[in-house]
Structures are given as structure tokens and as C-alpha cells.
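These numbers were taken from a predicted model, which means no experiment stands behind them.
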Amino acid sequence: MPESPVEYEYRSDFLREAQARGLIFQATDPEGLDAACRAGPIAAYIGFDATAASLHVGSLVQIMMLRLLQRHGHRPVVLLGGGTTRIGDPSGKDESRRMLAAEEIAANLAGIRRVFDPFLGAGEVRFVDNAEWLDALGYIELLREIGPHFTVNRMLTFDSVRLRLEREQPLSFLEFNYMILQSYDFRELFRRHGVRLQMGGSDQWGNIVSGVDLVRRTDRAEVWGLTTPLLTTASGAKMGKTAQGAVWLTADRLAPFDYWQFWRNTEDADVPRFLRLFTDLPLDEIARLAALEGAEVNDAKRMLATAATALAHGAAAAAAAEAAARATFGEDACGAGADLPTVIIPAAELAAGVAAFRLFAEAGLAASLGEARRLIRGGGARLNDAVLGEEARPVTEADLRAGVIKLSAGRKHHRLVRPG
RNA sequence: GGAGGGGUGCCCGAGAGGCUAAAGGGGGCGGACUGUAAAUCCGCUGGCGCACGCCUACGUUGGUUCGAAUCCAACCCCCUCCA
């Protein structure tokens, strides 16, 4: 990992705000970059590999960075890694990933592409797939043209490589090449679209610096790199992982209600930082919220949750999630919030009677039937707000209240079941 | 190339023929307390209509045994020392 953030007083609007919000970890040549940003609109990119069909909170800092760039009148470019995904980035990973099939990558690309719409849809944004040039690249051609500019000595010193070696984990030659291709991407984007800045997580520093070097050597042009800090919660946990899986940014993977809940449950100590990073709220407003203490922090958490959810799912969905939360957790909790995530189960199934543990698993409140059983055994499962005592208690139409059944796993996880 | 040591569940790590679905910790989930927070305390933590039982799991493959994470063989990978 890079040692320390670069302390530099930025003067361009974009970088100043990025810095104030805590989005900047380090940059190559901060002065030069700052000057370029002040001179006029700059095109900057961040790459996203297609390892899954959607993106989760782990990528949110990058997305917010592009959004901020766009808001300041610059030109965001989203590089989709249709080509590099076939290699696999070793950065920050102890083990090689399994190789993805071409169809899988194609499907993932389409899914990821959609994630950006709510965040960047308001302005200009360019999407580029590096398969466009990487697929056509010949091996000998690449070696001759790019190879001379990389020394193995140097490559071995980069964290992505070094850590894998130190941790006794194999690094395949395939992965070893990743940094070269990412550098090639930067140069290609510079040549094709005038991109002069690559941003990314701090684990990308080595790859980014390589690209900057390559462009300088072969094109004798000045381009820059900028990284965002690696985010952990105040208690030190990696961000965005829950038992049910990652905190996804799209509704098909994680209901807006649950997304809202994720932010609502932020630790106190993280609230000001998250407000700056993950919302567009003005900094002076955030300063006011950050000053709240004790139970009042909850007001700030609600603001955070609603603002963050609005960015990913739209203002309406965010408001609905907030309303559902009020109905579910508030003083006047009337039981079933109408906007809780709803699961449809076949009416016939309900007519025949479903074992409670099975229903919990089907509703997504437990990862397996066994987990559902344990949940009920432990007294954490409720049906229409009444604690379930028996795992296999049959659930039938008789349990419908106003057409739905409310299931709860613990205080925080709720689902409505509707026959259909 | 030679000699030692090692690869265990989501992670770290103990176990050295049956009492082992595998100690302990971390993480996660649930409960209590709270402010839908943190800290703390308690419980749960492979799958299966599951008190029985069956299946899967201790690098891989094969073997010894009534019985193997534990013994043997070959192979793969990692570490240390020597060359």
C-alpha cells in the first residue's frame, strides 16, 4: 500500500471538493493535475472489470468520483473491462480468480453498464469497452511495442505482485500481465478520447502509475493518476459486506429498502465521513449534521440513507424506503409498512400450507433451510410480529393480514409475502 | 538437484486411527441492553422436512483398516536450509 496521502492544497473546484470530501488518497503530480483541471474540462476515466453482473458498495467511491467530476463540468469516461476481465486483476487478491467464460463476461458488462445510469445519467458520460482494442492485439506486436517500456524488476516491486509473492500465493503469468494491459488502456483512451486522468482505488496505484509512465514514454504526453482511499468502517471492517452478501447498487440484487437500511445502520463514527463521500449534500449542511450528538445522530443517519438511496434508486424509491422504515421502526409503527420488500409466492403453495422455515428461506431472510430453522429456534423469527415458536409451523391463507404476511428476521430484516 | 517443514471449515488456527461436522479466536446471524449506533453479555454458525439418519467437507488421486483430517504411496503447491 502507498504510505501516506499527498498533502497538497488544491485550487481547482473539482479537486478542492474531492479533497474536502475525502475522496483523494494520492495523486501523481498534484500541481500539474490541478493546473490542468483549472485550464478547462478534463477527460478522466475509471475502469470496472466485469467480474459480476452488478456493482456493489465497494465501487461506490469510484462512481461518486466520476459523478463529482461530471458535476464540475469535466468529462467522465467509464471503461468497461471486457478485455481485462479475461485476464483477472491480481491487485488486492490473495488468489487467482476463476476464469470467466465469454458469455458470462458479456452478460456482466451489460449489467454493470446499467449501474451508472442513475449516478451519471444527468450529464455527459462516455462508455468504452477495452475489448475493443485488447481483443485485436497481437502478442508479438504487444511485446515489441510495450514490452521495452516495462522492466520485470520494476513490476516485481508493485504491491499487486509483491504481496502475492510474499503471501506464498501463486501469481500466474496471465495475471502478471494485467498491469501492462491496464497501462495500454490508459494510452489507448488518451489517444482515442483525449483522456488525461485515470482514477481508481488505492490498490490500483501501481497499475495507474504504470499507465502514466507508458504514456509519457511513448507519446511524450503528461497524464495523471489519482486514487481514492481504501474504505473501512470505523470498527475496521471492510465496507459493504453483510451476511446476505454484498450491498449491491441495483434493485434487482438488493431492494431499495434494504439499501436504505444499510446506510441507516451506519456506525455513529462513520456518519460525517459517509455523508461527504456518498451524498451530494453541501459541505456546510454536512458540517451541521456532523455536529449532532447522542440520539440526534439518527437524524443525520436518515439524511444519509435517503440521500444515498436517492442517488442509486431515485428520489421516489428513497422516500418510499424512508416511509417504510418509519412505519416499521418508528414510534407509531403500525406493523406492516406497505413499502417493505415483497416476495410473491404461488397461491397454491399457501393454500396447501408452507412450513414456516421454508417460507423464511424462500423470502430471502435465510440463506438455507437450516439457517431458517436456526433463526426460528433462536427466537429471532417473527410472523406478523409474533415470535414463531415452531420451525415447521404451517403458514396458510389464514395468516394473511390485508392480503400479505409479514415476516421478520430479527429487528431489522422484514419481508412481505404476497400470494400470486 | 538434496534435506527438512507445511497445505484443515468464510478467515486465522488446534487436532495426529474411532469420543471429530472437526478445540479456540475472528467474522456473520439471532437475543439482552440501547438510539434500527458503538461497547458489553448470552446463544447459534456445512447441506437435507433434521432430535434418528443420510450426504458433503481437512491440497489431489489411490491404498491400508471394521473404521482415516489423522497411517502408506504417488502427484500438485508453499516455506526454510544446503547446492
* Structure fact -> Quick note, A/Glu267 side chain, CB onward, closest among B/rC48, B/rU36, B/rA37 is B/rA37
* **Integer-rounded Å distance: B/rU36 C1' and A/Asp385 CG** => 15 Å
* A/His413 side chain near B/rC29 phosphate (N/O to OP1/OP2, under 4.0 Å) -> no
* Structure fact -> Between CG of A/Leu388 and C1' of B/rG30 the distance, given in whole Å, is 14 Å
* To do: Describe the nucleic acid contact of A/Ala409 in one word from base, sugar-phosphate, nothing, applying a heavy-atom distance below 4.0 Å.
  => sugar-phosphate
* Structure fact -> With the side chain defined as heavy atoms from C-beta on, A/Ala295 is closest, among B/rA38, B/rG47, B/rG35, to B/rG35
* What distance, rounded to whole Å, do you find between the two C1' atoms, one in B/rG17 and one in B/rA22? -> 15 Å
* How is A/Gln261 classified with respect to the nucleic acid when contacts are heavy atoms under 4.0 Å: base, sugar-phosphate, or nothing? -> base
* Lys/Arg N to Asp/Glu carboxylate O, A/Asp385 vs A/Arg401, below 4.0 Å -> no
* Write down the distance separating the P atoms in B/rG47 and B/rC11, rounded off to the nearest Å. => 16 Å
* To do: Please tell me which of the listed nucleotides, B/rA37, B/rC48, B/rU36, lies nearest to the side chain of A/Asp268?
  => B/rA37
* Asked: For A/Gly410, which contact category applies under a 4.0 Å heavy-atom criterion: base, sugar-phosphate, or nothing?
  -> sugar-phosphate
* Can you sort out the partners of A/Phe116 under ring pair (Phe, Tyr, Trp, His ring centres under 6.0 Å), two or more places apart, ordered by chain and number? => A/Phe48, A/Phe127
* **SB check A/Asp34 A/Arg16 (cutoff 4.0 Å)** => no
* Given pairs defined as Watson-Crick or G-U wobble with both distances under 3.5 Å, what dot-bracket annotation applies to RNA chain B, with ( ) intrastrand, [ ] crossing, | other strand and . unpaired? -> ((((((((.[[[..)..(.....]]]((((((.......))))))(((....)))...[[[[[..)....]]]]]))))))).
* Asked: Does OP1 or OP2 of B/rG47 have a side-chain N or O of A/Arg374 closer than 4.0 Å?
  -> yes
* Distance between C1' atoms of B/rC10 and B/rC54 (Å, rounded) -> 25 Å
* Structure fact -> To the nearest angstrom, the CG-P distance between A/Leu365 and B/rC44 comes to 22 Å
* Closest to side chain of A/Ala355, choosing from B/rC29, B/rA37, B/rG49 -> B/rG49
* Asked: If the P atom of B/rC52 is compared with that of B/rC19, how far apart are they to the nearest Å?
  -> 15 Å
* Taking atom P in both B/rA32 and B/rG46, what distance in whole Å separates the two? -> 23 Å
* Please name the pair of heavy atoms, one in A/Met199 and one in A/Ala44, separated by the smallest distance, quoted to 0.1 Å. => CE-CB, 4.1 Å
* Structure fact -> With the side chain defined as heavy atoms from C-beta on, A/Ser368 is closest, among B/rC48, B/rU36, B/rC50, to B/rC48
* Return no unless some side-chain N or O of A/Arg377 is found under 4.0 Å from OP1 or OP2 of B/rA51. => no
* Structure fact -> 5'-most contact on RNA chain B (nearest-nucleotide basis), A/Ala392 vs A/Asn298, goes to A/Asn298
* Asked: Mind checking the C1' distance from B/rG13 to B/rG7? Whole angstroms is fine.
  -> 13 Å
* C1' spacing across the pair B/rU65 / B/rC72, given as an integer number of angstrom -> 11 Å
* To do: For nucleotides B/rA38 and B/rG31, find the distance between their P atoms and express it as a whole number of Å.
  => 13 Å
* Ignoring hydrogens and angles, tell me if any N or O in the side chain of A/Arg21 forms a donor-acceptor pair with the backbone of A/Thr279 under 3.5 Å. => yes
* Asked: Taking CD from A/Glu296 and P from B/rU36, how many angstroms apart are they, rounded to a whole number?
  -> 14 Å
Side-chain donor-acceptor pairs of residues 141-151 of chain A under 3.5 Å, sequence neighbours excluded:
from     : atom 1 : to       : atom 2 : distance (Å)
A/Glu141 : OE1    : A/Gly138 : N      : 3.1
A/Glu145 : OE1    : A/Arg187 : NH2    : 3.1
A/Glu145 : OE2    : A/Arg187 : NH1    : 3.0
A/Glu145 : OE2    : A/Arg187 : NH2    : 2.8
A/Thr151 : OG1    : A/Arg154 : N      : 3.1

* Could you tell me whether A/Glu371 and A/Arg374 have a side-chain N and a carboxylate O separated by less than 4.0 Å? => no
* **Geometric class of the A/Phe278/A/Trp263 ring pair [parallel <30°, tilted 30-60°, perpendicular >60°]** => tilted
* Structure fact -> Assign each of A/Arg358 and A/Gly294 the nucleotide of RNA chain B bearing its closest heavy atom; nearer the 5' end lies the nucleotide of A/Gly294
* Base B/rU45 to side chain A/Glu371, donor-acceptor N/O within 3.5 Å cut-off -> no
* Asked: Of all the nucleotides listed (B/rU36, B/rC50, B/rA32), which has the minimum atom distance to the side chain of A/Phe329?
  -> B/rU36
* **Carboxylate-amine/guanidinium contact A/Asp270 A/Arg273, below 4.0 Å** => yes
* May I ask you to verify if any side-chain N or O of A/Lys412 is less than 4.0 angstrom from the OP1 or OP2 atom of B/rA37? => yes
* Whole-Å gap separating P (B/rG49) and CD (A/Glu349) -> 13 Å
* **Nucleotide nearest A/Arg411 when distance is taken to its side chain, options B/rG35, B/rG31, B/rG49** => B/rG31
